[in-house]
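Step one of this worksheet: look at the structure below.
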Number of protein chains: 2
Amino acid sequence: MHMDDSSRITIVEVAQYAGVSTATVSRVINKTGPVSPEAAAKVYAAIEALNYRPNAAARGLASRRTNAIGLLIDEVNGEFFLPMLRGVENAVRQRGMDLLISATHGLDKTSYPLGENSTDGLIVFADSLPKEEILRLHKIGFPMVLLYRSSPPNLSIPCVTVENKDGARRMVDYLVEKRGYRKIAFLEGPDSHEDAYWRKIGYQESLAAHNIPFDPKLVSFGGFDEAQAHLSVSRWVEQGLKAEVIFAADDDSAIGVMIALKEAELRIPEDIALVGFDDIRLAAYLDPPLTTVRAPIEQAARIAVEQLVKVIRGEEVGLITLLPTELVIRRSCGCC
Amino acid sequence: MHMDDSSRITIVEVAQYAGVSTATVSRVINKTGPVSPEAAAKVYAAIEALNYRPNAAARGLASRRTNAIGLLIDEVNGEFFLPMLRGVENAVRQRGMDLLISATHGLDKTSYPLGENSTDGLIVFADSLPKEEILRLHKIGFPMVLLYRSSPPNLSIPCVTVENKDGARRMVDYLVEKRGYRKIAFLEGPDSHEDAYWRKIGYQESLAAHNIPFDPKLVSFGGFDEAQAHLSVSRWVEQGLKAEVIFAADDDSAIGVMIALKEAELRIPEDIALVGFDDIRLAAYLDPPLTTVRAPIEQAARIAVEQLVKVIRGEEVGLITLLPTELVIRRSCGCC
DNA sequence: CTATGCTATGTAAGCGCTTACATCTGGTTA
DNA sequence: TAACCAGATGTAAGCGCTTACATAGCATAG
């Protein structure tokens with residue numbers, strides 16, 4: 001680094017300037033332990049005068065606390081990410097903590113930089129971390145909260161997610177009961193992703209409840225990804241897909257579907273209807289506006305931070321937080 | 001924290017297990033200094049066997065390097081943010097560094113948690129940090145790169161941004177020369193934001209070049225914000241705005257404009273045309289698709305990281321990186 | 001054979017904080 | 001008045017690393 005070492009102000013300089021001990025300075029800064037108003041005033045003055053900034057590393061080393069929480073994600077991708085980050089960032093900042101972010105995408109997921117020694121706790125998003133590593137962290141008692149992923153059996157790691165199954169089920173219920181569709185194609189998400197799993201289950205449950213046989217030909221891979229969905233649907237169309245509506249497992253893939261259908265000159269919803277899941281910001285602006293299931297992404301993120309902070313403090317937290325989803329009916333499903 | 005102290009593995013345990021000194025372990029881990037293949041193998045084996053993870057705080061304290069870069073933003077808001085973060089995250093990870101993110105929104109910007117003692121360098125986005133603090137950091141030689149903000153005079157802090165003035169100017173040139181508009185309203189961004197400043201200058205320069213008198217009545221405040229733009233345009237319309245086209249200083253505010261115009265039952269582009277700036281992902285999907293100026297947001301972020309890393313390493317970098325913008329013509333400007 | 005210069009390794013002094021413990025006040029209480 | 005206690009402060013021992021410096025071994029050069 002290129003810093004001017006001579007100008008480095010440490011707690012020692014502050015203590016000298018203020019005429020107190022370093023312990024007192026520390027007490028003032030951290031509001032730990034009793035300090036007389038006069039001493040506190042002198043310390044604040046010294047800090048101001050010297051432009052002192054505490055060294056986070058030294059602090060962390062001495063206190064074994066980092067005052068930071070880590071967010072582990074797979075990669076920065078998809079509109080989904082923005083509200084999630086906003087929720088996390090706001091909640092973290094509100095508590096005066098720092099936020100570290102790391103994407104494990106492509107990495108050996110066991111060498112991610114965050115973890116037990118860089119943060120006080122971790123929010124693990126979806127499948128950003130392999131089960132073994134989660135086990136390891138849990139075993140050493142490291143605070144963790146899982147976001148959009150459930151705890152491995154018997155492990156009791158708090159997790160927060162949305163009612164994926166229920167949301168998907170209600171969407172299909174609606175398509176069948178209100179719109180009268182019976183040929184409902186499903187564009188599923190990645191296997192490893194729990195959201196994807198439960199949404200598919202919800203889809204299947206609703207079909208079963210309405211005595212519609214499950215047809216594997218009506219299921220293809222969307223991968224929670226615009227490009228992948230685009231590709232899959234283009235192929236489907238070539239092969240003469242017979243469906244009245246496509247249920248894309250998330251809105252990002254719904255966009256891919258929309259593009260593919262437009263390319264195939266199929267009108268939405270006249271020729272084929274389309275619905276998604278998440279209600280990302282884009283959804284309302286698409287042409288036609290997308291019917292979808294609203295997932296409270298930002299709220300889930302915020303709650304995850306709250307839970308994590310509680311875990312760090314050693315407080316009790318509920319093991320599973322399941323946030324309700326809500327049907328958002330727009331034109332793409334043929335409602336209007 | 002709730003961690004099991006007894007199980008804490010430090011470099012000492014690793015050294016003992018491997019039968020070498022801590023210095024050797026450190027050398028192996030950091031690939032600094034010569035180590036015999038045998039010793040290295042023993043150390044790796046020990047690390048594996050004990051599941052050792054180095055403590056980032058201790059490392060930072062001892063080496064005065066954090067291996068982390070900080071991204072300072074105002075707040076997590078707007079579609080703009082996503083590609084920027086993606087660019088930063090990718091570039092940071094590619095270099096094996098960590099990323100810390102902090103929003104200064106609402107905070108006393110002088111107490112932001114990142115900085116000289118938590119990171120090796122800082123990417124300062126737009127007006128996330130007041131000039132005084134930038135001065136202070138620069139004075140102590142702390143590595144910084146400014147993103148979408150130019151260096152204070154005489155300070156020579158590297159900055160990377162896009163050709164705002166040029167882009168805005170070419171957009172207006174296009175509106176006048178190709179579309180034949182002469183009543184061009186401008187919805188400006190926040191004063192404090194340099195992008196906003198230069199885009200307005202570009203607008204004015206083009207007007208001047210085409211002998212169109214600048215009319216302050218045709219300028220209102222969009223604030224780079226959907227809601228603000230919505231509000232401003234609704235008022236404008238009530239007051240009987242006479243314009244052929246609205247140039248929103250960024251796409252987020254263009255969305256606000258679009259909503260306001262639809263509420264007022266004005267058709268785009270038949271009754272009034274609309275153009276934006278940035279080409280966020282949404283732009284292409286709006287109804288009608290938005291004519292805008294494409295700014296290479298992700299690329300700018302990536303370059304900022306590259307520059308910062310060079311500064312940290314003490315290498316030379318260009319002071320100003322100005323990335324080209326590009327007109328993207330879609331239906332909202334009345335082109336088709 | 002000694003001087004020289006590598007490479008490989010160990011020793012130990014911090015890095016800038018926090019915090020357990022000791023100390024010293026002065027006010028309360030019995 | 002003596003005993004006690006709580007508030008205010010200081011002392012100093014680490015926290016887990018990195019790294020300057022010292023040392024040792026060994027090949028090569030003179």
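Lettering follows sequence order; numbering is per chain, from 1.
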What's the [atom1]-[atom2] distance between [X] and [N], to the nearest Å?
X	N	atom1	atom2	result
Q16(B)	dC17(D)	CD	P	13 Å
R53(A)	dC17(C)	CZ	P	13 Å
R65(B)	dG16(C)	CZ	C1'	17 Å
I11(A)	dC15(C)	CD1	P	14 Å

Any [X] side-chain N or O less than 4.0 Å from OP1/OP2 of [N]:
X	N	value
N55(A)	dC15(C)	no
R64(A)	dG16(D)	yes
R59(B)	dT18(D)	yes
S26(A)	dT18(C)	yes

- Message: Considering only residues two or more places apart or on different chains, which pairs with a residue in residues 81-91 of chain A satisfy side-chain hydrogen bond (donor to acceptor under 3.5 Å, both in side chains)?
- Response: R86(A)-E298(A), E89(A)-R93(A), N90(A)-R93(A)
- Task: Please identify each residue that fulfils salt bridge (charged side-chain N to carboxylate O under 4.0 Å, His left out) with E79(A), with sequence neighbours left out.
- Result: R281(B)
- Task: State plainly whether the residues E133(B) and R53(A) are in salt-bridge range, i.e. N to O under 4.0 Å.
- Result: yes
- What residue among V145(B), I123(B), D98(B), T119(B) forms side-chain contact (heavy atoms from CB on, under 4.5 Å) with I69(B)? I123(B)
- Note on the structure: In B/S/- notation (B base, S sugar-phosphate only, - none; protein heavy atoms under 4.0 Å), nucleotides 4-14 of chain C written 5' to 3' is ----BBBBB-B
